[in-house]
Amino acid sequence: MTLEIVGTYAVAAFLLIGSFFALVAVLGLLKFNDSMTRLHAPTKVGTVGIGALLLASMLNTALSGNPSAHELLIMAFLFVTAPISANFIAKVHLHTRSCNVPPAPPRDDTWATLNTPEADREIELQD
């Protein structure tokens, strides 16, 4: 087998893997009812799916003799921004209390940023 044939099989495998993960992300987005559970499908599974599709595209352009790094830059941007945006969306839902707030941890009354102690608030106001 030549390198071109192996590369073609690898592109096909990455396309199938990426399509499967993207399909699971879409089904998860449609199936879950709560907005907090809907966050996991596109940010976790969708990122892997799009990453595999971009990897297939990058490998295909390299096999055609015209290599490109654009897909690598898109993948890096996607892997950096998807978790951050999901974190911000989750924090908005927690602060507006539009979802079920997790139970408070034992022996701690300052879970995340929802219940800031008075001493910390006074320090923030002084700054």
Side-chain angles (χ1 to χ4, degrees):
M1 273 207 229
T2 65
L3 183 62
E4 187 175 326
I5 294 173
V6 172
T8 304
Y9 283 130
V11 167
F14 282 130
L15 284 174
L16 288 174
I17 291 168
S19 299
F20 172 74
F21 277 108
L23 179 67
V24 169
V26 167
L27 291 176
L29 189 61
L30 294 174
K31 177 89 172 143
F32 294 137
N33 296 328
D34 185 20
S35 59
M36 290 293 279
T37 56
R38 283 187 181 178
L39 279 175
H40 293 289
T43 56
K44 309 293 186 281
V45 181
T47 304
V48 174
I50 300 300
L53 291 174
L54 288 170
L55 195 58
S57 174
M58 194 166 56
L59 186 60
N60 187 34
T61 57
L63 288 173
S64 67
N66 197 9
S68 172
H70 295 136
E71 291 89 352
L72 190 62
L73 295 173
I74 294 169
M75 201 180 316
F77 181 74
L78 181 71
F79 286 157
V80 168
T81 58
I84 293 170
S85 62
N87 186 15
F88 284 143
I89 292 170
K91 281 194 171 204
V92 165
H93 284 288
L94 285 174
H95 284 289
T96 59
R97 305 217 186 255
S98 62
C99 63
N100 294 333
V101 178
R107 302 185 317 256
D108 189 10
D109 60 350
T110 60
W111 184 83
T113 59
L114 292 177
N115 197 9
T116 309
E118 289 298 324
D120 291 343
R121 285 187 195 153
E122 290 174 5
I123 292 173
E124 290 174 1
L125 292 175
Q126 291 174 358
D127 293 333

Same cluster for L72 and L15 if Ile/Leu/Val/Met/Phe/Trp/Tyr side chains link at under 4.5 Å?
yes
Cluster link V26 to I17, ILVMFWY, side chain under 4.5 Å
no
Cluster question for you: counting only ILVMFWY and a side-chain heavy-atom cut-off of under 4.5 Å, with indirect links fine, are M75 and F21 together?
no
Applying side chain to side chain donor-acceptor pair (under 3.5 Å), name anything that partners T8, two or more places apart in sequence or on another chain.
none
Between side-chain atoms of residues 77-87 and protein atoms elsewhere (two or more places apart, or another chain), which donor-acceptor pairs fall under 3.5 Å?
from	atom 1	to	atom 2	distance (Å)
T81	OG1	F77	O	2.8
S85	OG	T81	O	3.1
S85	OG	A82	O	3.0

Output all residues satisfying side-chain contact (heavy atoms from CB on, under 4.5 Å) with I5, sequence neighbours left out; order by chain, then residue number.
M1, T2, Y9
Contacts under 3.5 angstrom, residues 50-62 side chains, donor-acceptor by atom type, not counting sequence neighbours:
from	atom 1	to	atom 2	distance (Å)
S57	OG	E71	OE2	2.9
T61	OG1	S57	O	3.2
T61	OG1	M58	O	2.9

Going by the rule side-chain contact (heavy atoms from CB on, under 4.5 Å), which residues pair with L23 if we only count those two or more places apart in sequence or in a different chain?
L27
For V24, what residues pass the side-chain contact (heavy atoms from CB on, under 4.5 Å) criterion, not counting sequence neighbours?
F20, V45
Considering residues, nucleotides and ligands other than L3, do more than 12 of their heavy atoms fall under 6.0 Å from its CG?
no
